[in-house]
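Taking it in order: structure first as C-alpha cells, then the write-up.
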Amino acid sequence: EIINDDEVYLPINHQKDFELQVLPPSLKEALRYFVLSTAIRYARGQNNDNISMMVNVSRFKNVHKSVADCIKSYLKTIIESVYYCGCGSKDDVFLSLEDTWEKYRLGELCEWEKSLKFVHLVLKEIEVLVINSASGDSLHYSQEYGRKIIAVGGFSLSRGLTLEGLHVSYLIRNSNMYDTLMQMGRWFGYRVGYQDLCKLFLTSDVKDRYQRISEATSDLRDELRLMSRLG
C-alpha cells in the first residue's frame, strides 16, 4: 500500500524535536488492518503465536515516543468503539474498521462475525513498544503464549532485531544505500500460515528504491551464473 500523506503529518525531513500530534490516516488504516488481520490469525488458531507489526518512521528517539503515544491513544478509541458496537451502537471508528475489512477483501479469508469475536481480545493483548537504546521496553518474545507487539523504532528495528510473526510493516524512511534499505526490509522470510495477510505500507519513493534493489540483485545473480559457466 502506498503512503501518500506522510509529508502532511510526518514529513521525512523532520527534526529531532518533532512531536506527532495526529496519526496519519494511512497509519490509522495500517493499525486497523493489523488488528483485523491478527483477529483472522486468532480464528486460524494462531492466538498463541508471536505476532508483530513494525512502525519505522524516524531515526529520532523522541519521535518514537510521540508516535507510540498516538498509536496507544488510537487503539484505545478502537477498543471503546468495539465495546459500544457490542451494545448496538456503531460510531465512525467502527465504520472505519468495516471499511478496512472491505477494502482489503478480508471477507474472502474469514467471516466478519467470526473475526469480530476475536477483535476485542486482540486489542486487549496488543503491546505498543518503543524499541531504541533509550527505551526500557523489551522485545523478548514468549514461546509459550506469544506476544502481540507493535514495535515503534528506527535504527534498532533496522539492524538485526528479529520481529517474530511480522505481517504488517509501515515504513517512512529515506536512504539511497542498498545495504541500509535491505536492513530496513524486515518483511523478508517465511510466513507459513499467514502469507496471505502480509501487508507493506510504503511511500512511493521507498517502493521504487526496493524495486531497483530487486532488479540489481537479479542482475547480480545472472552475472554470477554466467561467471560460473565460464569457470
Side-chain angles (χ1 to χ4, degrees), residues 1 23 27-58 61 64-65 67-76 78-79 82 97 100-101 104 106 109-111 114-173 182-202 210:
E1 296 300 314
L23 285 179
L27 181 48
K28 288 183 178 180
E29 184 170 274
L31 291 167
R32 293 194 299 269
Y33 180 84
F34 179 67
V35 169
L36 294 171
S37 55
T38 300
I40 292 177
R41 294 186 63 177
Y42 275 42
R44 292 176 176 178
Q46 300 174 18
N47 50 295
N48 287 330
D49 293 355
N50 292 308
I51 300 175
S52 303
M53 172 179 178
M54 179 183 75
V55 179
N56 190 337
V57 297
S58 175
K61 298 171 185 175
H64 301 161
K65 184 180 184 306
V67 171
D69 288 344
C70 288
I71 289 174
K72 291 175 183 177
S73 178
Y74 184 62
L75 291 177
K76 185 178 179 181
I78 298 179
I79 291 174
V82 172
L97 271 178
T100 299
W101 179 270
Y104 297 107
L106 294 175
L109 305 177
C110 184
E111 294 180 359
K114 184 177 182 180
S115 66
L116 192 58
K117 293 178 182 178
F118 294 103
V119 166
H120 195 275
L121 182 59
V122 169
L123 289 163
K124 181 180 178 181
E125 295 186 346
I126 286 178
E127 305 171 68
V128 181
L129 304 182
V130 175
I131 307 300
N132 59 43
S133 59
S135 169
D137 291 343
S138 169
L139 199 57
H140 295 301
Y141 286 92
S142 167
Q143 300 307 316
E144 185 174 359
Y145 300 109
R147 297 177 74 182
K148 316 303 177 282
I149 290 174
I150 297 175
V152 181
F155 288 139
S156 294
L157 287 182
S158 301
R159 298 176 178 173
L161 286 179
T162 296
L163 298 173
E164 296 192 13
L166 176 69
H167 75 263
V168 179
S169 295
Y170 186 94
L171 178 62
I172 301 177
R173 294 296 296 277
M182 290 294 283
Q183 287 174 335
M184 289 181 186
R186 305 309 303 278
W187 46 83
F188 302 109
Y190 298 99
R191 302 284 182 259
V192 177
Y194 55 96
Q195 301 97 321
D196 52 348
L197 295 172
C198 292
K199 187 73 67 179
L200 308 179
F201 291 81
L202 309 170
Y210 278 113

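By the 4.5 Å heavy-atom criterion applied to side chains, V168 and F201 are counted as neighbours. Residues I126 and V35 meet the side-chain proximity criterion, which asks for heavy atoms closer than 4.5 Å. With a 4.5 Å cut-off on side-chain heavy atoms, R44 and L109 count as touching. Using a 4.5 Å heavy-atom cutoff, the side chains of Y170 and E29 are not in contact. Looking at I51 and V122, their side chains never come closer than 4.5 Å, going by heavy atoms from C-beta outward. For the pair F118/N47, no side-chain contact is recorded, criterion being any heavy-atom separation below 4.5 Å from C-beta on. At a threshold of 4.5 Å between non-hydrogen side-chain atoms, the residues Y33 and L197 count as touching. Residues H120 and I79 form a side-chain contact, since some pair of their non-hydrogen atoms from C-beta on lies under 4.5 Å apart.
When all heavy atoms are compared, the tightest approach of A134 to K61 is CB-CD, 3.9 Å. When all heavy atoms of S115 and A39 are compared, the closest pair comes out as O-CB, 3.5 Å. A pairwise comparison of heavy atoms in A151 and I131 identifies CB-CG1, 4.1 Å as the closest pair. Minimum interatomic distance between G146 and K148 (heavy atoms only, all atoms of both residues): O-NZ, 3.2 Å. Considering all non-hydrogen atoms of both residues, Y194 and L166 come closest at CE1-O, 3.6 Å. Here the closest non-hydrogen pair linking L36 and L97 is CD1-O, 3.5 Å.
Between the side chain of N48 and the backbone N or O of E144 there is no donor-acceptor pair closer than 3.5 Å. For the pair S52 (side chain) and E164 (backbone), a donor-acceptor distance under 3.5 Å is present. Formation of a donor-acceptor pair under 3.5 Å by the K124 side chain with backbone atoms of V119 is not found in this model. Between the side chain of S135 and the backbone N or O of V130 there is at least one donor-acceptor pair closer than 3.5 Å.
The only member of N132, N56, D69, D137 that meets side chain to side chain donor-acceptor pair (under 3.5 Å) when paired with H64 is N132. For the side chain to side chain donor-acceptor pair (under 3.5 Å) with H167, the lone residue among K199, R191, Q195, R41 that qualifies is R41.
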So L116 and W101, side-chain contact (heavy atoms from CB on, under 4.5 Å) or not? Walk me through it.
CA-CA 11 Å; L116 192 58; W101 179 270; over 6 Å; no
Please lay out, stage by stage, how L171 and L200 fare under the test side-chain contact (heavy atoms from CB on, under 4.5 Å).
CA-CA 8 Å; L171 178 62; L200 308 179; over 6 Å; no
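How far OH of Y141 is from CG of L163: 4.5 Å, rounded to the nearest 0.5 Å. For the atom pair CG of N50 and CD1 of I149, the computed distance is 7.0 Å after rounding to the nearest 0.5 Å. Going from atom CG of L23 over to atom CG of L31 covers 6.5 Å, rounded to the nearest 0.5 Å. Atom CD1 of I71 sits about 5.0 Å away from atom CG of L27, to the nearest 0.5 Å.
Inspection of the S37 and Y104 side chains reveals no N or O donor paired with an N or O acceptor under 3.5 Å. Under 3.5 Å, the side chains of Y145 and E125 contain no donor-acceptor pair of N or O atoms.
Around the CD atom of E127, the shell of radius 6.0 Å holds more than 12 heavy atoms that belong to other residues, nucleotides or ligands.
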